[in-house]
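The structure under discussion appears below in the form of structure tokens.
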2 protein chains.
Amino acid sequence: MGRPTMNDVARSAGVSLKTVSRVVNGEATVDPALAARVRAAVASLGYRPNLGASMLRRNDRRTRTIGVLLEDVSNPFSAAVNRAIEDESRGRGVHVLTGSLDEDPVRERDLAVAFARRHADGLILAPTAPDQGYLATDWQPGTPVVFVDRPPTGYRGDAVLATNRSGTAEAVRHLVARGHRRIAFLGDAPRIATARSRRQGYRDAMREAGLPTCETVAPDCGAEAATLALLTLPARPTALFTAQNLITIGALRALRRLALQHRVALIGFDDFPLADLLDPPVTVVAQDPVAMGRAAARALFERIDGHTEEPREISIRTMLIPRGSGELLPA
Amino acid sequence: MGRPTMNDVARSAGVSLKTVSRVVNGEATVDPALAARVRAAVASLGYRPNLGASMLRRNDRRTRTIGVLLEDVSNPFSAAVNRAIEDESRGRGVHVLTGSLDEDPVRERDLAVAFARRHADGLILAPTAPDQGYLATDWQPGTPVVFVDRPPTGYRGDAVLATNRSGTAEAVRHLVARGHRRIAFLGDAPRIATARSRRQGYRDAMREAGLPTCETVAPDCGAEAATLALLTLPARPTALFTAQNLITIGALRALRRLALQHRVALIGFDDFPLADLLDPPVTVVAQDPVAMGRAAARALFERIDGHTEEPREISIRTMLIPRGSGELLPA
DNA sequence: CTACTGCAAGACAACGTTGTCTCTCGATTC
DNA sequence: GAATCGAGAGACAACGTTGTCTTGCAGTAG
């Protein structure tokens with residue numbers, strides 16, 4: 001004997017199947033006495049409606065589930081986006097299936113397919129594959145996709161992006177204004193869209209100031225080594241811009257190691273907890289992952305509700321938070 | 001016209017519905033020529049099986065979905081647990097529905113009910129309600145629940161717990177061994193099970209050493225104020241044990257504010273990023289959230305696979321990581 | 001040449017629910 | 001007092017799949 005069904009409840013209450021359905025769905029056209037009998041039977045049998053079966057039959061064909069694919073739900077940025085999406089979904093009775101991509105294009109595609117099979121009502125995706133063209137065949141046409149953090153390639157959809165380029169340019173100008181002329185940029189591989197935008201911002205500001213650029217690609221795990229190499233150059237930079245969280249932390253370690261943390265300025269992209277408790281406190285270009293998650297969820301739900309305008313690009317402003325490390329003057 | 005169904009594929013390939021089903025499910029008893037026709041039709045129509053309908057009819061009645069309810073998927077501990085569960089599920093083709101409870105018992109129950117309606121195959125729960133007795137009526141009997149981080153009350157199930165009590169006692173002994181006699185404990189309200197265990201560990205060690213206890217309940221948001229109050233007492237403690245992440249950080253801020261960070265020792269429960277870059281580096285009792293998530297997921301899958309032994313309690317060892325703040329000597 | 005075997009493929013019911021149609025019966029209207 | 005109406009309740013089909021049973025047909029043995 002599996003779990004009880006509406007039929008079991010109907011038999012137990014001595015009414016028809018359909019009457020149970022009406023009571024369970026709160027339709028008003030049921031005699032209060034019958035409704036009470038039904039509710040008693042529901043309680044005594046421990047009946048619980050089968051959402052899958054109900055979905056199958058209903059006209060709106062909604063599973064009230066969305067898929068969320070982020071870089072890694074355990075990193076602070078993705079986790080905050082994830083949480084904001086959850087909060088935005090809660091009020092609508094929508095639940096969230098999550099997946100971490102770890103920069104793996106195959107996983108991105110596999111999980112998109114898996115969520116499509118589950119008939120998710122929509123997808124929020126921080127793309128990692130070089131191209132999202134596969135969505136045209138693997139994702140259900142007509143079911144909305146909203147991109148977050150990184151723009152899509154080869155597929156059209158709303159995108160919620162931080163002001164990567166202008167935010168970085170602002171930070172570099174901040175360094176220039178304090179007299180720095182040798183400002184190095186440490187960033188991710190240009191394969192990643194956000195890395196490209198931030199690099200552009202750096203170049204914008206350096207060109208404006210008529211300064212030569214100095215760019216390094218720093219792998220997440222090798223950021224400390226890359227920074228050490230940079231800082232032991234003959235004409236070492238007097239300021240660093242680190243274009244991503246893990247790189248910032250690697251750079252901090254390198255500066256600490258060389259006891260240069262009070263002599264070389266540093267601004268990092270993306271805020272992190274305790275940045276203000278370090279010595280010196282770390283100046284950052286803060287993103288607003290909560291606003292990004294919220295905006296993405298809202299855009300998705302608008303589409304799910306039938307909005308059918310041209311895809312939009314929604315910018316979430318970054319904010320320069322001066323704390324000390326970015327205000328150090330050149331030696 | 002909605003998305004194509006097996007029937008559409010069958011018509012398009014000129015075969016029966018059932019043959020399509022066989023091909024889609026990879027059954028061997030289909031003529032290769034027919035199978036090829038079916039596959040072509042699947043591709044050309046963009047057919048994607050409806051997992052909900054399939055679930056409904058299949059004998060095993062599995063949704064290949066589990067529910068995960070944690071304190072807050074954006075806090076580093078929960079996020080790491082969440083990620084470990086995801087990794088453990090991936091290989092089994094199981095997807096994860098997540099929810100954040102924010103210490104709200106109502107939300108715990110509501111989300112458990114919602115996941116039950118969705119026929120999740122199992123639930124991993126970090127309980128926040130004072131009692132999980134509701135599961136007996138609201139959760140499907142026979143569908144497994146595994147508890148993580150905190151033990152259940154009023155319901156039996158496997159539980160994966162950190163060594164809260166012994167880990168705390170070890171840390172307090174560490175302080176005692178360095179000559180501290182006035183050691184204060186700052187912890188969460190005793191409503192929370194882990195807070196109680198850690199408090200017990202503190203009492204164990206203090207009694208062992210014959211020292212008087214000094215305990216404060218510090219709300220997450222007011223940890224800094226609570227610490228300030230404690231440190232301005234006439235006979236102020238020479239060492240602090242903070243029983244939780246946010247409290248540790250509040251205490252750090254308070255110590256910094258009073259410029260006591262090099263004079264009052266501090267050990268915190270639960271590690272956090274950058275603890276080693278602070279001044280002084282922060283000694284912690286580290287939990288292993290990845291091991292906890294993994295153990296919980298494995299236990300759940302064993303139950304789903306039919307294991308039916310007595311519920312177990314699985315301990316995940318904490319580890320004292322001496323970094324500096326816990327090795328300061330009393331003034 | 002007939003009867004039997006085996007296997008591929010189709011017909012049909014069923015999973016648990018909701019949409020639609022029909023029926024009954026009491027209340028309202030002229 | 002007969003015709004009309006409305007509302008509550010049930011019968012039945014349908015959603016998209018899979019389990020089971022039946023059919024048809026080729027191959028084999030007697």
Side-chain angles (χ1 to χ4, degrees), chain A residues 1-39 41-42 45-65 116-121 140 143, chain B residues 1-39 41-42 45-65 116-121 140 143:
Chain A
M1 227 354 263
R3 57 206 290 174
T5 72
M6 266 193 182
N7 234 316
D8 301 326
V9 175
R11 215 178 351 260
S12 155
V15 299
S16 82
L17 176 60
K18 182 67 214 197
T19 300
V20 178
S21 168
R22 283 194 257 258
V23 172
V24 166
N25 290 295
E27 291 175 35
T29 70
V30 180
D31 184 280
L34 281 196
R37 282 222 315 270
V38 169
R39 268 187 283 269
V42 164
L45 294 178
Y47 167 75
R48 210 163 310 296
N50 181 329
L51 222 61
S54 144
M55 241 74 266
L56 187 59
R57 190 58 177 91
R58 282 191 128 89
N59 280 338
D60 68 355
R61 288 275 189 295
R62 290 279 168 77
T63 55
R64 306 194 83 67
T65 305
R117 278 172 140 69
R118 285 170 185 267
H119 286 215
D121 298 334
Q140 185 59 23
T143 302
Chain B
M1 227 354 261
R3 56 206 286 174
T5 73
M6 267 194 181
N7 233 317
D8 300 327
V9 175
R11 216 178 350 259
S12 153
V15 300
S16 83
L17 176 60
K18 183 66 213 196
T19 300
V20 178
S21 168
R22 282 194 256 259
V23 172
V24 167
N25 289 294
E27 290 175 36
T29 70
V30 179
D31 184 281
L34 280 196
R37 281 225 311 273
V38 169
R39 267 188 282 270
V42 164
L45 294 178
Y47 167 74
R48 209 164 311 295
N50 181 331
L51 222 61
S54 148
M55 242 70 269
L56 187 60
R57 189 58 178 92
R58 281 191 129 88
N59 281 337
D60 67 354
R61 289 276 188 298
R62 290 280 167 76
T63 55
R64 306 193 85 66
T65 305
R117 278 172 140 70
R118 283 170 187 269
H119 286 216
D121 298 333
Q140 185 59 22
T143 303

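Below, chains carry the letters A, B, ... as their sequence lines are ordered, and counting in each starts from 1.
- Rounded to an integer number of Å, the gap from B:N50 CG to D:dA14 P is 18 Å.
- Residue B:T29 places none of its side-chain N or O atoms closer than 4.0 Å to OP1 or OP2 of C:dC7.
- Counting any heavy atom pair closer than 4.0 Å across all strands shown, A:S21 reaches a base atom.
- Distance, A:L56 CG to D:dC15 C1': 4 Å, rounded to whole Å.
- Rounded to whole angstrom, the span from the CZ atom of A:R3 across to the C1' atom of C:dT17 amounts to 14 Å.
- Between the A:N25 side chain and the A:E27 main chain, no donor and acceptor come within less than 3.5 Å of each other.
- Distance, B:D60 CG to D:dT18 P: 11 Å, rounded to whole Å.
- In terms of position on DNA chain C, the residue among B:R22 and A:E27 whose nearest nucleotide sits closer to the 5' end is B:R22.
- Among the atoms of the strands shown, none is found under 4.0 Å from any heavy atom of B:L51.
- Protein atom CZ of B:R48 is 15 Å distant from nucleotide atom C1' of D:dG16, rounded to whole Å.
- Protein atom NZ of A:K18 is 10 Å distant from nucleotide atom C1' of D:dG10, rounded to whole Å.
- Among the protein residues, A:N25 comes within range of the sugar-phosphate backbone only, with heavy atoms under 4.0 Å from sugar or phosphate atoms but none that close to a base.
- Residue-level contact check: B:V24 touches neither bases nor backbone, having no heavy atom under 4.0 Å from any strand.
- Taking for each of A:M55 and B:L17 the nucleotide of DNA chain C with the nearest heavy atom, the 5'-most of the two is the partner of B:L17.
- One can place CE of A:M6 at 8 Å from C1' of C:dG16, the figure rounded to the nearest angstrom.
- For the atom pair CZ (B:R64) and CZ (A:R118), the distance works out to 8.5 Å, reported to the nearest 0.5 Å.
- When every heavy atom of B:D8 is checked against every heavy atom of B:R3, the shortest pair comes out as OD2-O, 4.3 Å.
- To the nearest 0.5 Å, atom OG1 of residue A:T63 and atom CG of residue A:D121 are 3.5 Å apart.
- Phosphate contact (OP1/OP2 of C:dA9, side-chain N/O of B:S16, threshold under 4.0 Å): absent.
- For the pair A:N7 CG and C:dT18 C1', the interatomic distance rounds to 13 Å; values are reported in whole Å.
- A sub-4.0 Å separation between OP1 or OP2 of C:dT18 and a side-chain N or O of A:R58 is present.
- Across all strands shown, B:R61 has heavy atoms under 4.0 Å from sugar-phosphate atoms exclusively, and none from any base.
- The shortest side-chain heavy-atom distance between A:P49 and A:M6 does not fall under the 4.5 Å cut-off.
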